[in-house]
Amino acid sequence: MLYDQKIWVGTSNEGAVCLLPKMANRHGLIAGATGTGKTVTLQLLAEGFSQLGVPVFLADVKGDLAGLAKPGERSEKIDARLEECGVTNFSFNQAPVAFWDVFGERGVPIRTTVSEMGPLLLSRMLGLNDTQAGVLHLVFRIADDEGMLLIDLKDLKAMLAYVGDNAQKYVLNYGNITKASVGAIQRAIAILEDQGGNYFFGEPALDLADWLTRDENGQGTVNILAAERLFSKPNLYSTFLLWLLGELYELLPETGDKELPKMVFFFDEAHLLFNDCPKALMERIEQTVRLIRSKGVGVFFVTQNPMDVPSTVLSQLSARVQHALRAFTPAEQKTVRAAAQTFRQNPSFDTETALTQLRTGEALLSFLMEDGTPSIVQRATILPPQSYIGAISDSLRETFVATSIYEEKYGEAFDRESAYEILAARYMGHGVEQTQVVQPIAAEAAPVYAQQPEAAPAEPQYRPMTFSVYNPQTGAYEIKEIAQMQAPVYEEPKPQAAPQMQTAPQAPAASAQPPVLVWDPASGQYVPQQAPAQPAQQAKPNFFQQAKETVANAVSAVTGAAASDGKKKEKSYAQQLIDSFAKSATTSAGRETGRQLSRNLLGIFGLTSNRKRK
């Protein structure tokens, strides 16, 4: 509610406590424990800036800030609050709102390109370490040097795969790029895609100039980000808000101090912006908060504990709305004491004690005065907003989205030629159908090669692939086609009869045993006779024993020795010679000697072969 062109925030014992609009670009803080009235205070300030003609952006993490879209309703609590604050000319009004949603479910879709997000914020969104963030910076640099646009996540993944495959090519000019780091970034992108990152990156990209608008009555548009789903992904939520702030800083020119700010940002759950924030990003946040004042932008952080905001940022926040704090532990008591010391003390009450005794809807207020000095802290009752307190129905929200002037501009996404299409055309120009860079296109049939060497392989077929290309002469996107090679398909091989199995040749039957010479006493000659069949696996004959027996039989036949009478007799001289001959014949060295002795011995007894006699 406005009071003398100032935003009437609350009423204390000393009267109305107001925020000067021209001091809004000095930023502010709304803090307090849960359930103490922070959301109502945020809604009150947002509609106040809108009534002054200042566009507003706020993130609705619970869905109850959508009540700005319709007038409030009178109730006993509202009447009691108005009477306590001394308000007489109160009326219910709605603010001009525009609903936005990163996922396009509960508002107009919000998109940006990977290039506009930049490697620093994208590293925070992906949760990369310093080494991986450095590799990501190099990939952005290479894409920029080679003229490849990074619009959506498939462009970034294709560029990462391309740089990883050609890492040696870029080592001297850009530095070392390891495949391990590239793989880690690819895994982080896959997680981001599962969280809905594909909805956020693409075109048409958001033009922040569409947020700096007023309605026909001169009221500033309240841009409400439906963040119920986005808030469940803290990295994505906080990085998105930081990107918005950075884009606004780059978009707006220097204006200095004006009577009205150009825009006011409300960052709910601000502690998420600073949790696990890298040093480089924290320095960027601090710099943006300090310098964006000269762009005419005011930033209000909304959080439960003022200590959630780093001291370097907290020192830049001039407007203070401090709701009740709970102090049940020593650490919480220390926080209350530190928060009380940040105010300019009021001698009428103890600030530290008041912080723990504030009711719901009460707050300690301190704003900058005309000369830029902070006012003495006031214990005040916060006014009720003129718009509806609470969430609105889904049908009403859908009506606002469908009738929005931005739905036609941002409702449908398109994909123009970028890094993915350039790399895809490059690989297909070399005859490569599937690579690690380009997503494989499933072939209609796998190639089957017939076993016919004399037949020439079929020629590969091509099919067109279409994509949109921007024509600067006509100012529109045109459909272009390129030939895409299709996998060749060959005839199925004809079944062939199984080859006949050839049996192994059988071994010839064993030949009959050769004849042996046996001494025939009647003819006085050796007569050949058939040897008896030897049994299978018969042991090898003892040559010494056979020779001994043969010679003994011959001697016995010639001398006519008498049969043994059963008594043991001594061996004769001839028998001893035979034994000596047999032993010498069994050795390899004495075989020739044995043969000679055999002839001599037989000659002694008159036993010679027919061949010798002749």
Side-chain angles (χ1 to χ4, degrees), residues 1-9 16 18-25 28 30 39-60 64-74 78 82 87 89-100 107-108 110 206-226 244 248 251-252 255 258-268 295-300 302 319 382-392 396-397 399-407 409-410:
M1 183 175 178
L2 299 182
Y3 178 80
D4 194 18
Q5 292 301 306
K6 294 178 291 187
I7 301 176
W8 189 357
V9 180
C18 300
L19 171 64
L20 296 176
K22 68 178 183 179
M23 295 297 179
N25 61 346
I30 303 174
T39 302
V40 174
T41 302
L42 190 159
Q43 185 172 342
L44 174 68
L45 291 174
E47 68 179 18
F49 283 112
S50 176
Q51 292 171 5
L52 290 170
V54 179
V56 176
F57 169 84
L58 53 88
D60 187 8
D64 47 4
L65 288 174
L68 283 161
K70 71 175 187 178
E73 299 176 357
R74 187 172 295 276
I78 296 294
L82 292 174
V87 180
N89 56 343
F90 186 84
S91 61
F92 293 100
N93 294 303
Q94 77 274 14
V97 300
F99 291 101
W100 303 85
V108 178
I110 296 179
L206 175 66
D207 184 4
L208 288 179
D210 292 333
W211 287 7
L212 305 174
T213 59
R214 298 176 179 176
D215 67 353
E216 61 276 6
N217 298 322
Q219 292 187 342
T221 303
V222 180
N223 299 278
I224 301 176
L225 174 67
L244 285 179
L248 197 62
L251 174 67
L252 298 178
T255 60
K258 300 291 184 180
E259 291 296 323
L260 293 175
K262 286 188 175 181
M263 192 174 189
V264 175
F265 264 63
F266 290 93
F267 287 164
D268 200 0
K295 307 276 188 173
V297 177
V299 180
F300 282 76
V302 184
I382 305 299
L383 268 67
Q386 295 174 276
S387 56
Y388 181 76
I389 300 177
I392 61 175
L396 180 58
R397 180 189 291 267
T399 301
F400 274 100
V401 175
T403 58
S404 173
I405 61 176
Y406 306 116
E407 177 65 22
K409 180 177 181 180
Y410 299 106

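Environment of NZ in Lys258: sparse, with no more than 12 heavy atoms of neighbouring residues, nucleotides or ligands closer than 6.0 Å.
With Glu47 contributing its side chain and Gln386 its backbone, the two residues share a donor-acceptor pair below 3.5 Å. The closest donor-acceptor contact from the side chain of Lys295 to the backbone of Leu252 lies under 3.5 Å. Panel note: side chain Asn25, backbone Val297; no donor-acceptor pair is recorded below 3.5 Å. Listed for the Asn217 side chain is no donor-acceptor partner under 3.5 Å among the backbone atoms of Gln219. A side-chain donor-acceptor contact under 3.5 Å links Ser50 to the backbone of Gly220.
The minimum heavy-atom distance between Leu82 and Pro384, with the atom names listed, is CD2-CG, 3.5 Å. Shown here for Asp215 and Pro96, the closest heavy-atom pair between the two residues is OD2-CG, 3.6 Å. Looking at every heavy atom in both residues, Leu260 comes nearest to Leu52 through CD1-O, 3.4 Å. In plain terms, the two heavy atoms of Val222 and Ala95 that are nearest each other are CG2-CB, 4.1 Å. Pairing each heavy atom of Thr403 with each of Phe400, the nearest pair is OG1-O, 3.4 Å. Between Cys18 and Trp8, the shortest heavy-atom distance links the atoms SG-CA, 3.9 Å.
At least one side-chain heavy atom of Val9 sits under 4.5 Å from a side-chain heavy atom of Ile382. For the pair Leu244/Leu206, a side-chain contact is recorded, criterion being any heavy-atom separation below 4.5 Å from C-beta on. With contacts defined as side-chain heavy-atom distances shorter than 4.5 Å, the pair Ser387/Gln43 qualifies. Contact annotation: the side chain of Leu251 never approaches that of Trp211 to less than 4.5 Å [non-hydrogen atoms, C-beta and beyond].
Residues satisfying the side-chain hydrogen bond (donor to acceptor under 3.5 Å, both in side chains) test with Thr39, not counting sequence neighbours, are Lys62. Contacts of Asp64 classified as side-chain hydrogen bond (donor to acceptor under 3.5 Å, both in side chains), with partners at least two apart in sequence or in another chain: none. Remark: Tyr388 engages no residue in a ring-ring contact (aromatic ring centres under 6.0 Å, His included) (not counting sequence neighbours).
Taking the six-membered ring for Trp and thresholds of 30 and 60 degrees, Tyr410 and Tyr406 have ring planes inclined between 30 and 60 degrees apart. The aromatic rings of Phe57 and Phe265 lie tilted to each other, with the angle between the two planes from 30° to 60°.
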>> Pair Leu58, Val302 - check side-chain contact (heavy atoms from CB on, under 4.5 Å), show working.
In response: CA-CA 10 Å; Leu58 53 88; Val302 184; over 6 Å; no
> Are Ile392 and Phe99 close enough, and set up right, to give a side-chain contact (heavy atoms from CB on, under 4.5 Å), and what steps lead you there?
Replying inline: CA-CA 12 Å; Ile392 61 175; Phe99 291 101; 3.9 Å; yes
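A donor-acceptor pair shorter than 3.5 Å can be found between the side chains of Asn93 and Ser91.
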